[in-house]
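Before any comments, here is the structure.
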Amino acid sequence: MRQILVTSALPYANGHIHLGHLVEYIQTDIWVRFQRLVGNRCVFVCADDTHGTAISIRAKQEGRSEEAVIADMKAAHERDFAGFSVSFDNYGSTNSPSNRALCNELWQKIRAAGLVVEKSVTQLFDPVAKQFLADRYVRGNCPKCGAPDQYGDSCDKCGAAYSPTDLTNPVSALSGATPELQSSPHWFINTEQMHDFLATWTRSGALHEDVANWLAGAFLAEPLRDWDVSRPAPYFGFEIPDAPGNYWYVWFDAPIGYMASTKDWCDRVGEKFDDWWRSDQTEIHHFIGKDITYFHTLFWPVMLKAAGFTLPKAVHIHGFLTVNGEKMSKSKGTFIRAATYLQSGLDPHYLRYFYASKLTPKLDNLDLGLEDFVAKVNGDLVGKVVNLASRTAKFVRETGLAAVYPDDGGLFAEAAAEGTAIAEAYEACDYNQAMRRIMALADRANKFVDERAPWTLKKDPSKAAELQQVCTVALNLFRQLVVYLAPVMPRLAEQTGELLSSPIGSWNETQQPLVGTAVNEYKHLLSRVDMKQVEAMVEASRESAPSNEPAASTPAAGGAGTWNDDRSALDAEPLVADRITIDQFTAVDLRVARVIEAKEVPEAKKLLQLTLLLGGDEKRNVFAGIKAAYKPEDLVGRLVVMVANLEPRQMKFGLSEGMVTAAGPGGPEVFLLGVDSGAKPGQRVH
RNA sequence: GGGCCAGUAGCUCAGUCGGUUAGAGCAGGGCACUCAUAAUGCCUUGGUCGGGGGUUCGAGUCCCUCCUGGCCUACCA
């Protein structure tokens, strides 16, 4: 029996769980349930990731404490996970006493190992908010192209990367004050000392070959840079004991949260922590998304190694979720929260099955095609698997299963033998292959029922024994499939246990037929999905109507009159605290303009070239970064709002004489400002 | 610009070490069945394996090159 500790990445306490997150939790939970089913000791822990600047800012905006914010989010996360049958043994928080204690312990050991170095860092400091500013909380003019209101790390307009101290006219997004340069001590972990260890560990089999190759090329080919793990006060996190006024950076304490959650579980159930994190007997498996690969494959192993803990046996990395082949989109309604799915009435296990049918050990993105989803659930689960019980159970309602397992031509034995390959596929996270094999078995079982036609036997009382035999075989083949599917469809396994009067609790039950038990009345085990349910869920997730349609015509799931507007957009671009005068506003000459020409700029990735008419022959040539969101032909003729007195800017493709106004985060999600009908080109916006 | 990955049927994808006539599921077409949730079974249409070149007795598979898409990285506006 193996002893296995499994983690999923800690969701950040600043947002709700959505279908993208669920890829990971479902992938992990299936693996965990599989391990338990085959008889391994498998403990699954997770926690909320609670620290960092984003939480503080949100708390401030909402006028309550950080603790209050994270408590609410934790409760919401746990509800969502429970709704999708994610079977954590413990769900903790990085803001816990156990995590603080473990952070201290690791820190001391990493220091003792000689890996900690102190260096002075010069950063922008907000004199009003009295804190240092992370890159994204500094806005200013791009040092390269001069574009206004850019983040401190890179420019949306020209893509230039720079440091926040390079911005011209920098402004704090927190207070609107002009930040000042200020130095402060920071503590770093010198990962370069562990270079050789990492070179070996990344090739130890813990990582997919592609990942090891990427690390070798992108990081390990040259000396590793020191990793800055401290932040000066104020910061929502744990204060570093031997560096008062400084806090551990969220990515230092977050992975330690895996350990803290394990510790909490140990304390609760009477286990020893060292058996799980300081033991050769325990395999540690992390499941993560590819976006956080290097934290888990470089820094984390270094921390564990330096502090003398067990290294991960494997880090399983998955890709991102797309919906209908595209990035999840709030405007298209494909940014679907876990809670919205649950409220829609769709069975959460359907999503588990769908993800399982798509998941492989590769890092590829996974697409949730909504039509595909409906077809798979209805075709595979209802049409093939559950159909076996549905078409035979009632014939043995009175007799129960035969006392001796009849001759089935070797079907059960063949399917039992297939168990090895299915188990290997689960173990390797190749659920796609496991599902394919299971469905192939379902096909064979349905064929058997078709050939033996129990409905014909039913008509001839002298064939009652044969009828019972045929149904005993069919129901055993069904039950075998359900056991194979149990890691994915735990609820179905329970229901099947009730139907056949014998609970399912072990993988071994696929190897031995069930005989002589009572068969209870058949009730639908799963119901078909109607595309309309899915469409309703998408509608409930849609945040802003794509056209001028009033939002009120599409009430959200919460009922009429609710608009379901969360604050995610605000969080992405915090309100500017700095007030302006009316004069400053009127300095911006906003005008209604008609797009009279729009064309592609072939060499440009993001730009369209627009000719805007302000009336008469007053025209402006404007380059707009909206190529991913609009087609030129859809723009010609429409009215937009432009900044008419913006300093003209020489761009690679020509002179840009203004700017069209739009909302949205960028890329395909750009929404041009329009005006209500009646407005005329040239009119000023007041 | 540099690097990495991918491209196989309408869709989603298998395809081992280079080895027979390139497979599956879904979708499409036909037939059967009527127990089952319009479920199931049988038959069937559909591919220049992104293009081109090369190595080889033999290439979806190996090499070169080009095209397309994605990711990483650098730069330009």
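These figures come from a predicted structure and were not determined experimentally. Chain A is the first sequence line, chain B the second, and so forth, proteins listed ahead of strands; every chain is numbered from 1.
- If you measure from atom CG of A/Leu366 to atom P of B/G70, you get 18 Å, rounded to the nearest angstrom.
- Across all strands shown, A/Asn432 has no heavy atoms under 4.0 Å from either base or sugar-phosphate atoms.
- The ring-ring contact (aromatic ring centres under 6.0 Å, His included) test applied to A/Tyr405 returns A/Phe412, not counting sequence neighbours.
- Within 4.0 Å of A/Lys458, counting heavy atoms only, lies no atom of the nucleic acid at all.
- Sorted by residue number, the list of members of residues 462-481 of chain A with any non-hydrogen atom under 4.0 Å from RNA chain B is empty.
- For A/Asp291, the side-chain contact (heavy atoms from CB on, under 4.5 Å) criterion is met by A/Phe320, not counting sequence neighbours.
- Counting non-hydrogen atoms under 4.0 angstrom, A/Tyr522 reaches a base of the nucleic acid.
- Between A/Ile317 atom CD1 and B/C5 atom P the separation is 16 Å, expressed in whole Å.
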Exercise for the section: Report the C-alpha separation of A/Phe295 and A/Trp300 in whole Å, then their side-chain angles, then the decisive distance to 0.1 Å, and conclude whether the ring-ring contact (aromatic ring centres under 6.0 Å, His included) test is met. Expected result: CA-CA 6 Å; A/Phe295 291 108; A/Trp300 180 230; over 10 Å; no
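- A heavy-atom distance below 4.0 Å to RNA chain B is reached by these residues of residues 387-414 of chain A, ordered by number: A/Asn387, A/Ser390, A/Arg391, A/Lys394, A/Phe395.
- Within the nucleic acid shown, A/Lys362 comes within 4.0 Å of sugar-phosphate atoms alone, with no base atom in reach, counting heavy atoms only.
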Practice task
Report the secondary structure of RNA chain B in dot-bracket form, marking unpaired bases with a dot and bases paired to a different strand with |, and treating Watson-Crick or G-U pairs with both distances under 3.5 Å as paired.
Solution key: (((((((..((((.....[...)))).(((((.......))))).....(((((..]....))))))))))))....
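- Distance A/Phe354 CZ to B/C26 C1': 12 Å, rounded to the nearest Å.
- In terms of position on RNA chain B, the residue among A/Asn378 and A/Arg436 whose nearest nucleotide sits closer to the 5' end is A/Arg436.
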Can you give each donor-acceptor pair under 3.5 Å made by side-chain atoms of residues 452-459 of chain A, sequence neighbours left out, with the distance rounded to 0.1 Å?
none

